[in-house]
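Quick note: numbers below take in every heavy atom, side chains included, and nothing from hydrogens, waters or symmetry partners. Lettering of chains follows the sequences in order, A, B, ..., and the numbering in each one begins at 1.
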Protein chains: 4
Amino acid sequence: MGTTTDIGDAPTARKRDKRRAILDAAAPVFGEAGYERASVDAIAGAAGVSKPTVYSYFGGKEQLFRETMADVARQVNEVSYRHVIALDLHPDRFRAGLHELGVALTRCQRDGCAASLSRLVLAESRRDPAVFEEVRRAGFGPIREALAGRLARLGNAGLLDIDDADVAAQHFIALTQSQLPELTAGGSAEADEDLVASAVALGVDAFLRAYAPGR
Amino acid sequence: MGTTTDIGDAPTARKRDKRRAILDAAAPVFGEAGYERASVDAIAGAAGVSKPTVYSYFGGKEQLFRETMADVARQVNEVSYRHVIALDLHPDRFRAGLHELGVALTRCQRDGCAASLSRLVLAESRRDPAVFEEVRRAGFGPIREALAGRLARLGNAGLLDIDDADVAAQHFIALTQSQLPELTAGGSAEADEDLVASAVALGVDAFLRAYAPGR
Amino acid sequence: MGTTTDIGDAPTARKRDKRRAILDAAAPVFGEAGYERASVDAIAGAAGVSKPTVYSYFGGKEQLFRETMADVARQVNEVSYRHVIALDLHPDRFRAGLHELGVALTRCQRDGCAASLSRLVLAESRRDPAVFEEVRRAGFGPIREALAGRLARLGNAGLLDIDDADVAAQHFIALTQSQLPELTAGGSAEADEDLVASAVALGVDAFLRAYAPGR
Amino acid sequence: MGTTTDIGDAPTARKRDKRRAILDAAAPVFGEAGYERASVDAIAGAAGVSKPTVYSYFGGKEQLFRETMADVARQVNEVSYRHVIALDLHPDRFRAGLHELGVALTRCQRDGCAASLSRLVLAESRRDPAVFEEVRRAGFGPIREALAGRLARLGNAGLLDIDDADVAAQHFIALTQSQLPELTAGGSAEADEDLVASAVALGVDAFLRAYAPGR
DNA sequence: TATGAATGAGGATTCATTCAT
DNA sequence: CATGAATGAATCCTCATTCAT
């Protein structure tokens with residue numbers, strides 16, 4: 001019985017696997033080389049499939065790029081989202097929670113393919129505005145939305161002085177990640193963990209001074 | 001005599017002119033197309049010179065790109081720098097001054113080739129870290145330095161509560177420009193002037209809440 | 001009983017249906033795109049079958065092409081043949097009959113996939129001479145044979161002065177269709193019906209002058 | 001002195017030489033393989049230049065094809081034209097002259113790249129009607145025009161009974177070349193010289209019967 | 001038998017770069 | 001010195017053809 005099910009699902013499963021393999025291979029290749037320098041050959045090779053397979057799955061380099069970016073954005077979103085909703089709202093711990101959240105989000109932005117994401121999207125957004133929109137939908141948008149929600153709840157609890165939660169979320173992210181490009185030399189170098197942490201701490205402090213003035 | 005002088009200086013002047021022409025032509029081409037898609041042919045054509053001339057002046061596409069970016073950065077720096085040092089330190093007017101400065105700097109980032117600068121630099125920084133460094137030296141660095149100086153003076157005057165002026169400058173820029181990518185869809189669209197202004201205003205307000213807590 | 005027969009014949013009938021479907025789908029695709037540009041994918045899709053099915057029925061693109069051409073030739077032959085044998089041999093009407101025949105044959109050559117036939121066959125005849133032979137056997141040959149027969153009968157009746165009926169048939173076709181490529185711009189445009197008719201009329205007139213000199 | 005002139009003209013001469021070399025190389029390659037199967041690589045190789053050179057001279061495969069066809073048409077035209085205007089108009093010799101002309105024109109059509117010309121043009125005329133037009137302008141058109149002129153002069157001399165000289169020219173060509181495809185198996189085989197000659201003779205005879213009825 | 005999936009091969013095109021003039 | 005001309009290399013993409021199901 002189980003066998004039957006397996007056999008029945010096999011084609012779909014395989015297709016999904018190959019799709020995943022290609023996306024997983026494409027992300028680092030695009031990340032290292034950028035859109036133009038990345039060759040479909042290299043991606044196909046890294047995925048262990050042939051070039052035409054890539055084309056049959058994604059239609060072309062452009063679409064492959066878009067879907068890869070959206071996929072990475074979803075992955076980053078996934079992790080970041082969990083960090084955001086895990087923000088501790090307890091009056092005694094939310095300050096520490098915001099520090100932790102800042103560090104966590106920054107680490108998400110810095111690690112792996114996520115680091116390349118914003119760089120790539122920004123780089124290609126003029127040639128293909130759709131990619132920007134898609135990534136915002138799949139990644140940045142939901143994160144900011146969730147973060148705005150948490151901050152609003154802190155506002156409702158009287159712990160923060162929030163006027164526009166969206167703006168507050170944007171400012172939180174801006175303050176905590178403002179030094180990231182500098183520290184990683186634009187993504188070309190690994191950032192020292194401690195430097196990142198202290199930069200984030202300074203950002204959170206500023207955020208708290210701006211948005212929890214009474215305390 | 002004048003003639004002699006002219007003849008004597010002519011080569012150098014011409015050289016400088018051609019160099020300028022090439023840089024001025026390269027900036028928009030790189031800006032529109034990105035590093036890879038920009039062709040040396042197009043740049044040479046736009047500059048009114050031949051391709052080998054470009055090579056004799058700059059050695060290659062890579063170096064031309066670096067120097068073009070540094071040049072644009074210097075130009076942006078020039079304008080931004082003037083805005084920064086024009087910041088009114090008067091106790092009654094520095095808040096309005098910071099608003100104006102935020103708008104001015106944001107407009108500098110948004111207009112012309114400057115808009116493409118950070119995008120291009122970020123895009124190519126991994127493949128060629130030197131470009132990031134060079135642009136920081138020619139553009140971002142001096143600006144932040146100058147801004148830090150002005151903020152420090154406001155701190156010394158007791159108008160702001162500055163601990164680390166460098167950090168404060170970074171935060172000021174981060175807060176005022178945080179919504180810029182969003183508003184311009186990553187550089188692919190023109191931003192509405194009013195939306196930019198209000199976003200900047202919100203950023204400056206937050207900055208002031210964070211750095212002028214007593215007031 | 002009928003059921004049994006149906007079941008018994010079903011595979012063969014289906015086979016024949018699919019074969020027909022493929023041939024009918026291949027003709028316009030080859031006709032529009034030419035041999036090289038026509039993709040087996042497109043043909044299979046148009047026929048509603050899968051690519052391997054095409055291969056199992058025809059062995060390969062080359063053979064499919066040959067059989068398609070022969071098939072179209074047979075169809076054109078079918079219609080043209082009827083026109084030829086319908087040629088009125090009556091002494092008072094054979095002249096009008098030849099005019100009608102000329103128009104009918106020309107229309108056959110001009111309409112539908114037949115228009116592409118000679119173009120395609122000529123185009124590929126060097127690479128694959130077999131196709132030329134096959135089409136001649138299936139189409140042009142029989143037509144000319146039948147036409148020669150009718151003209152010979154007109155000769156025997158003393159209405160035409162025929163020496164070699166094959167040559168006369170060839171000349172009849174050449175004269176009536178000589179302007180066809182010109183009028184259709186090589187097959188790329190629709191020919192005006194009236195222009196075709198008058199061109200055919202001139203050809204038939206010349207033919208009659210050449211082969212019915214006494215009258 | 002002569003040297004100076006040579007040097008002065010050198011660039012143009014070289015350019016013209018290379019252009020010629022490419023056209024001369026392209027004609028047989030296109031002729032053997034057809035448009036699609038002919039690779040720019042092969043043409044460049046045969047011409048002794050590199051692929052980009054071909055592109056810089058002709059812009060692309062399509063344009064190269066058009067210009068090659070037009071060039072071949074011009075060459076064929078050149079030779080054919082000489083035969084046409086050499087047609088002897090003398091009352092006692094024009095019949096023999098027409099026979100000779102028929103043989104000469106047919107030989108022109110059959111030999112070398114000319115044989116491929118009509119095949120190629122016809123094959124690609126649907127995809128690119130411009131090529132048909134261009135070749136007509138460069139080749140077929142002038143020939144028919146010239147032939148029509150000669151025939152008209154024979155008509156004025158009372159030697160032929162010409163109503164529409166254009167039509168007569170078309171009929172002359174049609175009658176003399178009607179058996180050519182058959183004899184060369186669509187261009188895939190060499191035609192026997194004697195067979196061609198006798199086929200042409202029959203065509204000219206028919207033409208004379210149709211257009212010189214009184215004699 | 002009929003098919004979805006996969007591939008190896010090949011072609012057009014573009015570009016950064018270097019000589020000969 | 002500045003240029004027109006030429007090239008080698010590399011990229012995207014497509015297609016005929018074949019397995020495993």
*For A:Phe58 and E:dA6, what is the distance between atoms CZ and P respectively, to the nearest whole Å?*
12 Å
*Intra- and interstrand pairs of DNA chain E - dot-bracket, Watson-Crick/G-U under 3.5 Å, | marks other strand*: .||||||||||||||||||||
_Distance check needed: E:dA16 C1' versus B:Asp41 CG, whole Å only._
9 Å
*Examine F:dA2: is either OP1 or OP2 under 4.0 Å from a nitrogen or oxygen in the side chain of B:Tyr57? Give yes or no.*
yes
*Rounded to the nearest angstrom, tell me the gap between atom CD1 in D:Ile22 and atom C1' in F:dT7.*
13 Å
*Just jot down the salt bridge (Lys or Arg N to Asp or Glu O under 4.0 Å) partners of C:Glu133, sequence neighbours excluded, or say none.*
C:Arg136
_side chain to side chain contact (heavy atoms under 4.5 Å, CB included) partners for C:Tyr55, two or more places apart_ = C:Val40, C:Lys51
*side chain to side chain donor-acceptor pair (under 3.5 Å) partners of B:Ser56, counting only residues at least two apart*: none
*Starting from the 5' end of DNA chain F, give me the residue, D:Gly48 or A:Glu62, whose nearest nucleotide shows up first.*
D:Gly48
_Once you apply a heavy-atom cut-off of 4.0 Å, does A:Ala38 come out as touching a base, just sugar-phosphate, or nothing?_
sugar-phosphate
_Residues A:Arg74, A:Glu67: salt bridge by 4.0 Å N-O rule_ = no
*Examine the base of E:dT17 for any acceptor or donor lying under 3.5 Å from a partner atom in the side chain of B:Lys61, and report the outcome as yes or no.*
no
_Lys NZ or Arg CZ of D:Arg126 over D:Phe132 ring: under 6.0 Å, within 45°_ = no
*Please tell me which of the listed nucleotides, F:dT7, E:dT3, F:dC15, lies nearest to the side chain of C:Pro52?*
E:dT3
*When the nearest nucleotide of DNA chain F is assigned to A:Tyr35 and to C:Val40 on a heavy-atom basis, which residue is associated with the more 5' position?*
A:Tyr35
_Using the salt bridge (Lys or Arg N to Asp or Glu O under 4.0 Å) criterion, which residues pair with B:Lys61? Sequence neighbours excluded._
none
_Expressed as a whole number of angstroms, how long is the span from C:Tyr55:OH to F:dC19:P?_
13 Å
*Quick one: which of E:dT14, F:dT7, E:dG11 gets closest to the side chain of D:Ser39?*
E:dG11
_If the condition is salt bridge (Lys or Arg N to Asp or Glu O under 4.0 Å), which residues does D:Arg66 pass it with, not counting sequence neighbours?_
D:Glu62, D:Asp128
*Rounded to whole angstrom units, what separation is found between the CD1 atom of C:Ile43 and the C1' atom of F:dT14?*
15 Å
*asked:* Side-chain N or O of B:Thr53 versus OP1/OP2 of F:dA2: is the shortest distance under 4.0 Å?
replied: no
*Between E:dT17 (P) and B:Gln63 (CD): distance, integer Å*: 10 Å
*Measure from CD on B:Glu36 to P on E:dA16 and round the result to the nearest Å.*
8 Å
*Would you name the heavy atoms of A:Val131 and A:Ser125 that are closest together and state the gap between them?*
CG1-CA, 4.3 Å
*More 5' along DNA chain E: C:Val49 or B:Gly59, using each one's nearest nucleotide?*
C:Val49
*Base E:dT7 to side chain A:Lys51, donor-acceptor N/O within 3.5 Å cut-off*: no
*Would you indicate which nucleotide in E:dA12, F:dT7, E:dA2 comes nearest to any side-chain atom of D:Ser50?*
F:dT7
*For D:Leu64 and E:dG11, give me the distance from atom CG to atom P, rounded to whole Å.*
15 Å
